[in-house]
Amino acid sequence: MTEKAKINLLGMTRQELTDFFAQRGEKPFRAVQVLKWIHQRDCTDFAAMTDLSKAVRGWLADEAEIRTPEIVLEQCAADGTYKWLLRLDDGNCIETVFIPEDGRGTLCVSSQVGCALDCSFCSTARQGFNRNLTSAEIIGQLQVARGRLQPEEGQSRVVSNVVLMGMGEPLLNFEPVVAAVSLMVEDNAYGLSRRRVTVSTSGIIPAMDRLHETLHVALALSLHAPNDALRNELVPINRKYPLGPLMDACRRYVGKGGHHSRITMEYVMIDGVNDTPGHARELVRLLRDVPCKINLIPFNPFPDAGYRRSSEAALSRFRDILIQAGFTTITRRPRGDDIDAACGQLVGRVEDRTRRALRYARVPNVSGVTPP
């Protein structure tokens, strides 16, 4: 007789846990108790949850569990960046990155096994796509990082910021992402500020509107091009959701009643592709009435990329045009690139259902740009 699979409580929101206990005749306050044990005290043993009755602890041990992804590999870069390769129950692996900075620590979390999109400059995209992550697999990455990192003296928490900018398009995995983010900002779980949790998207307009109505956390847009023709090539989802409607969606997100005054525009700087002064001036026109700040990200190379990183001179010219036009513009320097933990380099181990990885293997130079 096959043993019944246990229910993993790790990814359950407060409401889901409340319902879970109510179905078993327990009071709603049990949900808060268990949330605190799991997410604030990092407790995975029901027997140790001493403010629960012995009977409740007993049936929880029989029916439920608290299970995080398994660490396959841990790497630490020269700059202090950590990367974990995590194995899921089905054998697929994802990657999670922690970036220490002065006064804060940012965890970059994955939302899919691989990526359902096909951005041409991204190593993750070339690995193909297998499936969406569950809420437990998403929040489990935060649990793993907290368990592996020790706070410094006087530091209340190691992970102060979370960005869903790892493997995958978060807004194509909407419900599990919202559940996991709800736990991140839940006072009885991680208690992070909504301003310190950022969901990144390539521009899934209907889901952007849903996020605004459902859980208004910080939003970053993977922009990377100032016009539709170029963005169609770099970020193919643009063919479905072009820049005009996309900028309207950005304005709605920061509109009346919003918690955030601006969108973060992510712009990877690729030599000779999107980094000329003409591109910068186009970007100024595109964003002139969109409340935003701009992150310029030097392209992070990977094997057979077909692209090169913009020169320092090109990056400086581009940045100066944006600053002179009144945009807050930050150059985001690569972190952890010596362990392939930088933006666009995450790959994991993906059983690719799309066969995209094979297509890229047959056509290594996808950009038409002569590799270095």
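Here, residue 1 is the first one in the sequence, and each next residue gets the next number.
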Between [atom1] on residue [X] and [atom2] on residue [Y], distance to nearest 0.5 Å:
X	Y	atom1	atom2	value
Glu213	Met208	CD	CE	13.0 Å
Leu296	Thr329	CG	OG1	6.0 Å
Leu234	Asn238	CG	CG	9.5 Å
Ser182	Tyr190	OG	OH	13.0 Å
Met184	Arg194	CE	CZ	13.0 Å
Cys292	Asp289	SG	CG	9.5 Å

Any chance the side chains of [X] and [Y] put a donor and an acceptor closer than 3.5 Å?
X	Y	value
Arg239	Asn232	no
Glu282	Asn227	yes
Ser310	Asp275	yes
Ser222	Tyr267	no
Asn8	Glu65	no
Trp37	Asp51	yes
Asn173	Glu169	no

Does any part of the side chain of [Y], heavy atoms only, come nearer than 4.5 Å to the side chain of [X], both counted from C-beta?
X	Y	result
Leu221	Thr264	no
Pro301	Arg308	no
Val217	Thr198	no
Leu10	Thr68	yes
Thr276	Phe318	no
Val197	Asn161	no
Arg67	Glu137	no
Thr81	Val97	yes

Between the side chains of [Y] and [X], is the shortest nitrogen-to-carboxylate-oxygen separation below 4.0 Å, so that they form an ion pair?
X	Y	value
Arg251	Asp248	yes
Glu70	Arg87	yes
Glu175	Arg210	yes
Arg104	Glu101	yes
Glu312	Arg317	no
Lys83	Glu74	no
Arg24	Glu63	yes
Lys6	Asp62	no

Do [X] and [Y] share a hydrophobic cluster, counting only Ile, Leu, Val, Met, Phe, Trp and Tyr and linking them when any side-chain heavy atoms are less than 4.5 Å apart?
X	Y	value
Ile330	Ile270	no
Leu243	Ile294	yes
Leu246	Leu230	yes
Leu149	Leu192	yes
Trp59	Ile7	yes

Where do [X] and [Y] come nearest, in terms of heavy atoms and distance?
X	Y	result
Ala145	Val159	CB-CG2, 4.5 Å
Ala189	Leu183	CB-O, 3.2 Å
Ile237	Ile204	CG1-CD1, 3.8 Å

Quick one: are the ring centres of His224 and Phe121 less than 6.0 Å apart? yes
Are Phe29 and Phe21 an aromatic pair, judged by ring center distance below 6.0 Å? no
If you draw a 6.0 Å radius around CG in Asp19, do more than 12 non-hydrogen atoms from other residues or ligands fall strictly inside? yes
Would Tyr307 and Asp271 count as a side-chain contact (heavy atoms from CB on, under 4.5 Å) here? Give the steps. CA-CA 7 Å; Tyr307 293 122; Asp271 181 37; over 6 Å; no
Could you walk me through whether Leu223 and Leu287 pass side-chain contact (heavy atoms from CB on, under 4.5 Å), step by step? CA-CA 11 Å; Leu223 186 57; Leu287 301 178; 4.3 Å; yes
Verify side-chain contact (heavy atoms from CB on, under 4.5 Å) between Val290 and Phe327, making sure each step is shown before the conclusion. CA-CA 10 Å; Val290 179; Phe327 289 95; over 6 Å; no
Do the ring planes of His212 and His216 sit parallel (below 30°), tilted (30 to 60°) or perpendicular (above 60°)? perpendicular
Assess the residue pair Arg281 and Ile321 against the criterion (side-chain contact (heavy atoms from CB on, under 4.5 Å)); give the C-alpha distance rounded to whole Å, side-chain angles, the decisive distance to 0.1 Å, and a yes or no. CA-CA 7 Å; Arg281 288 187 284 270; Ile321 291 171; 4.1 Å; yes
